[in-house]
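Remarks on the structure that follows.
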Amino acid sequence: MALLDRLSALLGGGLIGLSATVLLLLSGRIAGISGMVNGAITFRKAEAWRWSFISGLLLGAALYEYGFAVQPTPRSTFAPIAMLVGGLLVGWGTRMGNGCTSGHGVCGLGRLSGRSLVAVLTFLITGMLTVFVIRHGL
């Protein structure tokens, strides 16, 4: 991993942590993306902050990709149906786990939540097992 990649990863992680902290300090809300998207699609007027946060997230990623990225982000070679099924399973899993990696990993661990520690360890172990199974054709 090149030094520029490490610095970009460090800066990105720091900005994620900073944005989650600012949201928690200013509004008392947790920056869990799955819960935020779930609440945003209910289309309640009081939930406009969720759309602002999600819009900022998407615009920031697009700004980086098209304005500052040294080279384009590598594209995946997965089939669209596999990506769709994977996305649905992730959505189902985050509802079952009461949050996603951002909610538990960034915000929950930062608040020393035992439940979030169990969730993050479950995500990591499941991810490692999935990669092992896919790479070894089991």
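Because the structure is predicted, anything quoted here is derived from the model rather than measured.
Nearest heavy atoms, Gly17 versus Val106: CA-CG1, 4.4 Å. Of all the heavy atoms in Ser116 and Gly108, the pair that sits closest is OG-CA, 3.2 Å. Of all heavy-atom pairs between Arg115 and Asn98, the closest is NH1-ND2, 3.4 Å. Closest non-hydrogen pair, Ala20 versus Cys107, comes out as CB-SG, 3.9 Å. The nearest pair of heavy atoms linking Tyr64 to Ser8 is OH-OG, 4.4 Å. Taking all atoms of both residues into account, the shortest heavy-atom contact from Gly35 to Arg50 is O-NH1, 3.0 Å.
In this structure, the side chains of Leu15 and Leu11 come closer than 4.5 Å at one or more pairs of heavy atoms. Residues Arg111 and Leu24 form a side-chain contact, since some pair of their non-hydrogen atoms from C-beta on lies under 4.5 Å apart.
Grouping the Ile, Leu, Val, Met, Phe, Trp and Tyr side chains by contacts below 4.5 angstrom, directly or via other members, places Trp92 with Val85. Taking hydrophobic clusters as Ile, Leu, Val, Met, Phe, Trp and Tyr residues chained together by side-chain heavy-atom distances below 4.5 Å, Phe123 does not share a cluster with Val118. Hydrophobic cluster membership is shared by Val120 and Leu117, with clusters built from Ile, Leu, Val, Met, Phe, Trp and Tyr side chains linked at under 4.5 angstrom. Linking ILVMFWY side-chain heavy atoms closer than 4.5 Å, directly or via other members, places Leu89 and Met96 in a single hydrophobic cluster.
Between Trp51 atom CH2 and Leu58 atom CG the span is 9.0 Å, to the nearest 0.5 Å. Here the straight-line distance linking atom OG1 of Thr130 with atom CE of Met128 works out to 10.5 Å at 0.5 Å rounding. Atom-to-atom distance recorded for Arg29:CZ and Phe53:CZ is 12.0 Å, nearest 0.5 angstrom. Rounding to the nearest 0.5 angstrom, the gap separating the OG1 atom in Thr21 from the CD1 atom in Ile16 is 11.5 Å. For the atom pair CG (Leu84) and CG (Leu88), the distance works out to 5.0 Å, reported to the nearest 0.5 Å. Interatomic distance, Leu23 CG to Ile30 CD1, rounded to the nearest 0.5 Å: 8.0 Å.
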